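Some notes on the structure that comes next.
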Protein chains: 2
Amino acid sequence: MDERQVGALRFQLDLSQPIYEQIVEQMSRAILRGDIGLGEKIPSVRELAQGLRVTPNTVMHAYQEMERQGLTETRRGQGTFITSSRQRVEAFRQQEAHRVVTEFLAKMRSLGFTEAEIIEQLRSRRQEEEMQ
Amino acid sequence: MDERQVGALRFQLDLSQPIYEQIVEQMSRAILRGDIGLGEKIPSVRELAQGLRVTPNTVMHAYQEMERQGLTETRRGQGTFITSSRQRVEAFRQQEAHRVVTEFLAKMRSLGFTEAEIIEQLRSRRQEEEMQ
DNA sequence: TGAGTGTATGATAACACATAATACACTCGC
DNA sequence: GCGAGTGTATTATGTGTTATCATACACTCA
């Protein structure tokens, strides 16, 4: 759980997953939570790389992935910015939800659970967690 | 979608994922569905390797993983067998379900969905699919 | 004993990921 | 225009995972 702060952003990196994917995921979350406002500039490739003690190439990889998903816009010579389109962010959120739900349903079905049982699993899980 | 039949088992292998993981997953599913009975012998390492046109090492990797999960028992010189304990199979199913649900909830929460919204997503998805 | 099992090892290759170093192109304020 | 700060590209190197190929060993059973 190596935790590092860069500007207003906090990152937790580990070795369980590619670093560039962790950057994308945690940055996306920050955008969805509103920790970074629409149209705001995010740290430069070199700045974030230094802050995370990681190669600029790795940050670049993450930034290109975010742009591909429509979350950011890069302006050569100026920097990388969160998209100023609220619709794009919402589209991303819906698209991700769709993907996650599809994956989840496929896995649960292959384990032999019916729709009703799947929802029941979720309900009982919620109760378990409320116990604590 | 390279589909291959080995004895009573059907496998679909692709390059999107490690082969040994695909073998574990599809064999597990076959056990859960009851396509292979408890205590039954499964193809030998070499036999399955030949059937799937894959290296024996790869099949070995898959078989060792299944044994680690308590799904199979291997008897040196005799072969690999599905566990004859119904409880072990059920334990595996529950454990997998727990893991899948946990992962799913974490992802959906990180996308900013509440419990109610998550269940709503599942319901609306079911309706979408019934349309077809 | 021999055929069929699981198991182990070493060499090789391909690929993804990350690092390091360097260079180029663009933008903006001075 | 210059220089600092941007994104971007390239090359080389290293590491780990996955898979292949070949070979060998250990065990079981008819």
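All of these numbers come straight from a predicted model, not from anything done at the bench. Naming: A, B, ... by sequence-line order, numbering from 1 per chain.
Spacing between atom CZ of B/Arg46 and atom C1' of D/dC27 amounts to 12 Å, rounded to whole angstrom units. To the nearest angstrom, C1' of D/dC27 lies 13 Å from CZ of B/Phe81. We find that CD of A/Gln78 is positioned 15 Å from C1' of D/dA4, with the value rounded to whole Å. At whole-Å resolution of the value, CG in A/Asn57 and P in D/dA12 are 15 Å apart.
Heavy-atom contacts of chain B under 4.0 Å fall on DNA chain C between two terminal nucleotides, which in 5' to 3' order are C/dG4 to C/dG10.
A rotation axis mapping the C1' atoms of four pairs onto the next four is fitted at both ends of the helix from C/dT1-D/dA30 to C/dC30-D/dG1 over five pairs, and the angle between these axes is 10° to 10 degrees.
The stretch residues 44-58 of chain A participates, sequence neighbours left out, in no salt bridge (charged side-chain N to carboxylate O under 4.0 Å, His left out) pair at all.
Remark: the backbone N or O of B/Phe11 is not paired with any side-chain donor or acceptor of B/Arg4 at under 3.5 angstrom. Using a distance-only test at 3.5 Å, with no hydrogens or angles considered, no donor-acceptor pair links the side chain of A/Thr55 to the main chain of A/Asn57.
Residues A/Glu90 and A/Arg93 form a side-chain contact, since some pair of their non-hydrogen atoms from C-beta on lies under 4.5 Å apart. Residues B/His61 and B/Ile19 fail the side-chain proximity criterion, which asks for heavy atoms closer than 4.5 Å. Side-chain contact check for B/Leu105 versus A/Arg126: every heavy-atom pair is 4.5 Å or farther apart. Side-chain contact between A/Met66 and A/Ile42 is present, with at least one heavy-atom pair separated by less than 4.5 Å. Side-chain contact between A/Leu32 and A/Phe92 is present, with at least one heavy-atom pair separated by less than 4.5 Å. The side-chain heavy atoms of A/Glu25 and A/Arg29, taken from C-beta on, include a pair separated by under 4.5 Å.
Summarising the geometry of A/Leu111 relative to B/Ala97, their closest heavy-atom pair is CD1-N, 3.7 Å, with the distance given to 0.1 Å.
Across residues 59-77 of chain A, A/Arg76, A/Gly77 each have a non-hydrogen atom less than 4.0 Å from an atom of DNA chain C (numbered order). The stretch residues 15-25 of chain A touches DNA chain C through A/Pro18, A/Ile19, A/Tyr20, each having a heavy atom within less than 4.0 Å of the strand.
In this structure, A/Thr55 reaches the bases: a heavy-atom distance under 4.0 Å links it to at least one base atom across the strands shown.
Other residues, nucleotides and ligands contribute over 12 non-hydrogen atoms within 6.0 Å of the CD atom of B/Gln94. The 12-atom threshold is exceeded at CD of B/Gln17, counting heavy atoms of other residues, nucleotides or ligands nearer than 6.0 Å.
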Under 3.5 Å, side-chain donor or acceptor atoms of residues 113-125 of chain A against the rest of the protein: list the pairs with distances, not counting sequence neighbours.
from: A/Thr114; atom 1: OG1; to: A/Glu117; atom 2: N; distance (Å): 3.2
from: A/Thr114; atom 1: OG1; to: A/Glu117; atom 2: OE1; distance (Å): 3.4
from: A/Glu115; atom 1: OE1; to: A/Arg109; atom 2: NH2; distance (Å): 3.4
from: A/Glu115; atom 1: OE2; to: A/Arg109; atom 2: NE; distance (Å): 3.1
from: A/Glu115; atom 1: OE2; to: A/Arg109; atom 2: NH2; distance (Å): 3.0
from: A/Glu117; atom 1: OE1; to: A/Thr114; atom 2: N; distance (Å): 2.9
from: A/Ser124; atom 1: OG; to: A/Glu120; atom 2: O; distance (Å): 3.3
from: A/Ser124; atom 1: OG; to: A/Gln121; atom 2: O; distance (Å): 3.0
from: A/Arg125; atom 1: NH1; to: B/Thr102; atom 2: OG1; distance (Å): 2.8
from: A/Arg125; atom 1: NH2; to: B/His98; atom 2: O; distance (Å): 3.2

